[in-house]
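By convention in this document, chain letters (A, B, ...) are assigned in the order of the sequence lines, proteins followed by strands, and residues within each chain are numbered from 1. Because the structure is predicted, anything quoted here is derived from the model rather than measured.
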Amino acid sequence: MSVQYKHQEIEQKWRRIWEERPVNKEEGREKYYCLDMFPYPSGSGLHVGHWRGYVLSDVWSRYKILQGYHVLHPMGWDAFGLPAENYAIKMGVHPAKATAENVENFKRQLKEISAVYDWTKEVNTTDPGFYKWTQWIFVQMFKAGLAYEKEMPINWCPECKTGLANEEVVNGECDRCGTPVTKKNLRQWMLKITAYAERLLKDLEDLDWPDKVKKMQSDWIGKSHGAEIDFQVEGMEEKLKVFTTRPDTLYGATFMVLAPEHGAVAKITQPPKKEEVEHYVFHASMKSSVDRMQDKEKTGVFTGSYAVNPLNGAKLPIWISDYVLADYGTGAIMCVPAHDERDFAFAKQFDLPITQVIRKEGAGEEELLEAYTEEGVMVNSGPFDGMRSTLAKEAVADYLEEQGIGDKTTNYKLRDWVFSRQRYWGEPIPIVHCPYCGTVPVPEEDLPVVLPEVESYQPTGTGESPLAAIEEWVNVPCPTCGKPAKRETNTMPQWAGSSWYFLRYVDVDNSRELVSKEQARKWLPVDMYVGGIEHAVLHLLYSRFYTKFLHDIGVVEFQEPFTRLFNQGMICKNGAKMSKSKGNVVSPDNLVQDYGCDSLRMYELFVGPPELDSEWDDRGIEGVYRFLNRVWKLVHENIGREVPVTQELEKLRNQLIYEVTNRMNNFNMNTTVSAFMEFNNKFLDLSKNQGGVDKETLSTLVVLLAPFAPHMAEELWEALGQEGSVFENEWPVHDESKMKETSVQMPVQVNGKIKATILVEDGEDKESVLAKARGAVEGKLDGRAIQKEVYVPGRIISIVAK
RNA sequence: GCAGUUGUGGCGGAAUUGGCAUACGCGCUAGACUAAGGAUCUAGUCUGGGUUAACUGGGUGCGGGUUCGAGUCCCGCCAACUGCACCA
């Protein structure tokens with residue numbers, strides 16, 4: 001009993017042994033693919049916040065191994081991206097070199113976690129052998145018509161000097177650096193993710209993902225039903241098409257508004273209004289999206305033209321305003337101020353008429369002080385008067401279709417993906433521009449297009465990437481006709497590699513295919529994906545899009561990449577997310593040294609519910625460290641002791657199995673740790689005050705503990721005289737019949753207050769229990785008569801007395 | 001503004017989904033062991049009254065309700081966090 005728990009020695013010992021004899025064995029078992037969101041290997045290294053997700057997924061992986069699965073638990077590097085490039089600009093070090101150093105450092109730190117990562121399957125997005133396939137996918141998309149070039153005003157970050165996808169703009173600011181985003185007219189490569197909008201939306205239903213993430217994605221895709229309606233411009237050939245979700249309000253339209261960028265603006269503007277309109281359009285184009293959002297007051301200008309309401313012939317003045325978005329719907333709207341808040345504000349601002357066409361049932365006519373957006377009864381709507389507005393929505397749309405003035409349609413908020421970046425450290429887009437053949441994809445056998453050496457990594461800011469300056473790289477013969485042509489010099493966004501990396505893990509060395517059918521069938525899709533919520537729309541939406549595309553061209557056989565998703569909460573310190581910039585990071589290094597990897601692993605789980613943010617407190621780790629010491633003590637003081645297996649021990653052992661398994665299956669890792677502590681306290685009590693704890697119970701405890709504290713579990717397994725690795729066991733199964741308590745203390749309530757506790761034997765009948773209960777509270781009834789008795793077996797007896 | 005999440009001791013957090021509120025741990029208090037303790041062990045620790053007791057009241061952000069019984073369900077608020085933000 002004098003053997004000390006020396007965590008450093010033990011952990012080194014088992015790490016060495018595992019390297020020679022991995023605990024994860026195939027043996028024809030069923031597969032389980034448990035994946036971490038792979039990190040960007042930054043220079044600053046890991047803190048205890050990073051540990052959390054990695055510990056969660058590792059505990060889960062080891063749990064699955066013990067449950068009999070062959071587990072794939074890989075790790076890799078999302079290594080393209082701005083920090084390495086910015087570092088290169090500052091220090092003149094090639095990003096590849098800095099990245100390699102960071103990867104090495106990260107890997108060393110990651111090994112401290114002692115996860116069951118299979119390092120033979122490591123991937124790195126910046127490795128040409130990897131990005132060959134990132135480029136290959138792009139070529140396939142180009143061939144399928146899903147990658148296309150377009151000159152358009154896109155989100156531009158003046159700080160990063162690059163274009164951004166819609167998803168990368170948060171509150172009008174660059175997701176990466178926080179600089180307000182401006183618009184810039186640029187030739188862009190776009191990916192037609194909108195072609196997958198409906199499938200991306202619909203397939204969310206069957207995913208075992210947090211509702212929050214599903215909702216964020218479906219809101220981002222933003223499907224809405226409505227109708228497109230044609231409005232004739234008075235005195236012109238021109239017709240204006242609008243999209244509305246509220247065809248039921250058509251009779252209430254009193255004006256129209258076009259986005260400043262709408263194609264028909266110049267044509268329909270009347271000569272006297274020309275200067276004013278041009279002025280407005282010019283200023284609207286200068287506004288950044290932040291300014292545009294901050295404008296509370298509506299602005300706008302009248303074009304001088306009128307449109308005709310197709311249902312009642314009313315003359316509707318046509319205005320221009322930047323509250324109408326050019327790239328949603330048709331860029332033009334019919335305005336019903338009575339029933340739309342924004343139109344109402346605009347009508348008040350410019351003193352335009354307001355016609356109510358829906359009224360609350362039973363209400364009379366009265367002036368509207370704000371837009372009435374609820375449902376109600378139709379008025380002032382010709383043949384539709386008296387109809388419920390909810391029905392009129394459909395009825396009016398049907399009528400428009402019959403008359404040939406409109407069509408029922410669907411719109412999505414999702415926009416195509418701006419895929420070009422004007423930076424150096426990314427995958428070159430594998431395209432050649434030929435003056436004769438046009439846009440030609442690089443032939444597959446010539447992939448990868450390797451990122452060339454460059455003198456300056458500095459972004460040019462002109463919309464050209466630094467690659468454009470390398471003449472000998474840019475100038476190539478056209479792959480089709482052989483005449484002089486030029487390479488595309490834009491690179492891909494960081495999301496390109498991460499959109500499909502999880503497929504590559506299963507077949508990392510394959511030089512002929514992205515992934516072989518055989519390996520894909522064996523391992524994919526991912527069964528459990530663990531990572532932060534920050535990728536709810538970006539990475540997770542892009543990955544789903546890529547997977548669906550790869551499914552469509554026959555590379556994989558499934559449509560969704562991640563069957564189950566778990567978002568771990570953040571680790572906070574002093575109320576803020578742990579980050580280097582806030583200066584509140586806690587390094588795992590000292591903690592591992594002082595308390596050991598096992599203690600830190602368990603504390604990462606114990607700190608709080610895994611899906612919620614938790615506040616870090618260094619002192620808390622003492623608790624799990626003491627616990628592990630007590631487990632150590634418990635096992636050692638019972639080794640060699642002849643302990644008879646009592647009913648009590650059997651009961652506790654089975655209860656422990658049940659509690660741990662149940663909590664694990666619900667992903668309640670924090671309370672699983674509590675359960676271990678509780679039972680260990682009970683075992684210690686038995687060990688000290690009664691005969692001890694038997695070997696089977698101790699062995700069971702050790703097996704259950706193995707996913708959490710693997711080093712200690714192995715060491716104790718060995719100390720107990722057991723054969724092989726603790727991970728060669730099967731996860732224990734509880735025996736319900738042995739878990740039962742022979743008797744339980746049950747509370748007795750009188751009028752809702754606990755007045756006594758009685759001891760009830762297992763299987764005791766209701767009458768006997770109630771008689772006991774009556775006896776126990778007899779003196780506390782104060783002469784009141786019992787009106788009602790409620791008996792909930794195993795829980796409570798409730799007596800009502802008056 | 002809209003949507004979602006959260007609100008329980010000094011602190012992190014439990015509560016089998018309607019059944020003994022505060023498990024487990026941190027911290028704190030007292031004691032034991034000790035030359036010493038930032039180690040370990042023992043006892044205590046929501047709060048008011050009560051003799052340090054028995055006992056007895058209150059108590060899960062606030063106000064109502066349903067129920068024998070509510071941290072949990074319903075209605076109405078408040079606060080914090082997250083996401084979206086003129087998507088017609």
Colleague: Does any nucleotide pair with B:G18 by Watson-Crick or G-U wobble geometry, both distances under 3.5 Å, and what is it?
Modeller: none
Colleague: At under 4.0 Å between heavy atoms, what does A:Ile333 touch on the DNA or RNA strands: base, sugar-phosphate, or nothing?
Modeller: base
Colleague: Main chain of A:Lys413, side chain of A:Arg415: is a donor-acceptor contact present, judged purely on distance under 3.5 Å?
Modeller: yes
Colleague: Quick one: label A:Ser224 by what it contacts on the DNA or RNA (base, sugar-phosphate, nothing), any heavy atom closer than 4.0 Å.
Modeller: sugar-phosphate
Colleague: Is A:Lys298 close enough and on-axis enough to A:Phe346, meaning under 6.0 Å and within 45°, for cation-pi?
Modeller: no
Colleague: Could you state the atom-to-atom distance from CD1 of A:Ile221 to C1' of B:A3 in whole Å?
Modeller: 17 Å
Colleague: Would you kindly give the CZ-to-P distance between A:Phe627 and B:C26, to the nearest whole Å?
Modeller: 12 Å
Colleague: B:C11 phosphate, OP1 or OP2: any side-chain N/O from A:Arg619 under 4.0 angstrom?
Modeller: no
Colleague: Round to the nearest Å and state the distance from A:Glu167 atom CD to B:C84 atom C1'.
Modeller: 13 Å
Colleague: How far does the C1' atom of B:C81 sit from the matching atom of B:G61, given to the nearest Å?
Modeller: 15 Å
Colleague: Can you tell me the distance, in whole Å, between the NZ atom of A:Lys788 and the P atom of B:U67?
Modeller: 10 Å
Colleague: Given atom CG of A:Asn751 and atom C1' of B:G19, what is their separation to the nearest angstrom?
Modeller: 16 Å
Colleague: With rounding to the closest Å, how many angstrom separate the C1' atoms on B:G64 and B:C78?
Modeller: 15 Å
Colleague: Does B:A14 have OP1 or OP2 under 4.0 Å away from a side-chain N or O of A:Asn670?
Modeller: yes
Colleague: Between B:G19 and B:G31, how many Å separate the two P atoms, rounded to a whole number?
Modeller: 42 Å
Colleague: What's the NZ-P distance between A:Lys753 and B:C68, to the nearest Å?
Modeller: 16 Å
Colleague: Tell me: CZ of A:Arg630 to C1' of B:A39, nearest whole Å?
Modeller: 13 Å
Colleague: Taking the side chain of A:Val170 as its heavy atoms from C-beta onward, which of B:A88, B:U16, B:C84 lies nearest to it?
Modeller: B:C84
Colleague: Using Watson-Crick or G-U wobble geometry with both distances below 3.5 Å, tell me the partner of B:U45, or none.
Modeller: B:G27
Colleague: Could you tell me how the ring of A:Phe676 sits relative to the ring of A:Phe708: parallel (under 30°), tilted (30 to 60°) or perpendicular (over 60°)?
Modeller: perpendicular
Colleague: Map A:Thr671 and A:Lys215 onto RNA chain B by nearest heavy atom, then report which one ends up closer to the 5' terminus.
Modeller: A:Lys215
Colleague: I'd like to know whether NZ of A:Lys408 has more than 12 heavy-atom contacts from other residues, nucleotides or ligands below 6.0 angstrom.
Modeller: yes
Colleague: Give me the distance, rounded to whole Å, that separates B:C75 from B:C11 when you measure between the P atoms they each carry.
Modeller: 31 Å
Colleague: Is the base of B:G58 syn or anti, if syn means a glycosidic angle within 90° of 0?
Modeller: anti
Colleague: Classify A:Lys755 by what it touches in the nucleic acid, base, sugar-phosphate, or nothing, heavy-atom distance under 4.0 Å.
Modeller: sugar-phosphate
Colleague: State which of B:C26, B:C20, B:A14 makes the closest approach to the side chain of A:Pro609.
Modeller: B:A14
Colleague: Considering every strand and a 4.0 Å limit on heavy-atom distances, what is the contact class for A:Asn681: base, sugar-phosphate, or nothing?
Modeller: sugar-phosphate
Colleague: Return the nearest nucleotide to the side chain of A:Met677; candidates are B:G25, B:C20, B:A88.
Modeller: B:G25
Colleague: Tell me what A:Lys688 touches on the nucleic acid: a base, only sugar-phosphate, or nothing, going by heavy atoms under 4.0 Å.
Modeller: sugar-phosphate
Colleague: If we take the C1' atom in both B:G18 and B:G25, what is their distance in whole Å?
Modeller: 28 Å
Colleague: Select base, sugar-phosphate, or nothing to describe what A:Val800 touches, counting heavy atoms under 4.0 Å on all strands.
Modeller: sugar-phosphate
Colleague: B:U29 and B:U67: how far apart are their P atoms, nearest whole angstrom?
Modeller: 49 Å
Colleague: Could you work out which one of B:A88, B:U40, B:C68 sits closest to the side chain of A:Val790?
Modeller: B:C68
Colleague: Going through the distances and angles, do A:Phe255 and A:Trp319 end up as a ring-ring contact (aromatic ring centres under 6.0 Å, His included)?
Modeller: CA-CA 8 Å; A:Phe255 59 101; A:Trp319 286 65; 7.3 Å; no
Colleague: Can you tell me how far P of B:U5 sits from CG of A:Asn567, to the nearest Å?
Modeller: 15 Å
Colleague: Around A:Gln787, counting heavy atoms of other residues, nucleotides and ligands shown, do more than 12 lie under 6.0 Å from its CD?
Modeller: yes
Colleague: Among the nucleotides B:C26, B:A23, B:G19, which one has an atom lying closest to any side-chain atom of A:Glu678?
Modeller: B:A23
Colleague: Taking for each residue the nucleotide of RNA chain B bearing the nearest heavy atom, is the 5' side occupied by A:Arg246 or by A:Val673?
Modeller: A:Val673
Colleague: For A:Phe679 and A:Phe683, take the angle between the two ring planes, folded into 0 to 90°, and tell me which bin it lands in: parallel under 30, tilted 30 to 60, perpendicular over 60.
Modeller: tilted
Colleague: Reckon A:Gln787 touches a base, only the sugar-phosphate, or nothing at all at heavy-atom distances under 4.0 Å?
Modeller: nothing
Colleague: Regarding A:Arg663, tell me which of base, sugar-phosphate or nothing describes its non-hydrogen contacts under 4.0 Å with the strands shown.
Modeller: nothing
Colleague: Tell me what A:Asp613 touches on the nucleic acid: a base, only sugar-phosphate, or nothing, going by heavy atoms under 4.0 Å.
Modeller: sugar-phosphate
Colleague: Considering only B:U16, B:C86, B:A88, which nucleotide approaches the side chain of A:Asp322 most closely?
Modeller: B:C86
Colleague: Using Watson-Crick or G-U wobble geometry with both distances below 3.5 Å, tell me the partner of B:G76, or none.
Modeller: B:C62
Colleague: Would you say a side-chain N or O of A:Tyr328 is under 4.0 Å from OP1 or OP2 of B:A88?
Modeller: yes
Colleague: Applying a 4.0 Å non-hydrogen cut-off, can you work out what A:Asp211 is touching in the nucleic acid: base, sugar-phosphate, or nothing?
Modeller: nothing
Colleague: Could you check which nucleotide pairs with B:G4 in any of the strands shown, counting Watson-Crick or G-U wobble with both distances under 3.5 Å?
Modeller: B:C81
Colleague: Could you give the distance separating B:C24 and B:A15 at their P atoms, to the nearest angstrom?
Modeller: 13 Å
Colleague: So, OP1 or OP2 of B:A88: does either fall under 4.0 Å of a side-chain N or O from A:Lys413?
Modeller: no
Colleague: Any donor-acceptor pair under 3.5 Å linking the side chain of A:Asn638 with the backbone of A:Leu634?
Modeller: yes
Colleague: When you check the glycosidic angle of B:U17, does it come out syn, meaning within 90° of 0, or anti?
Modeller: syn
Colleague: Does A:Lys212 put a side-chain nitrogen or oxygen below 4.0 Å from OP1 or OP2 of B:U5?
Modeller: no
Colleague: Nearest to the side chain of A:Ser798, which nucleotide is it out of B:G19, B:C84, B:C24?
Modeller: B:G19
Colleague: Say you pick atom C1' in B:G59 and the same atom in B:A53; how far apart are they, in whole Å?
Modeller: 23 Å
Colleague: Please tell me if the side chains of A:Lys740 and A:Lys651 come closer than 4.5 Å, counting only heavy atoms from C-beta onward.
Modeller: no
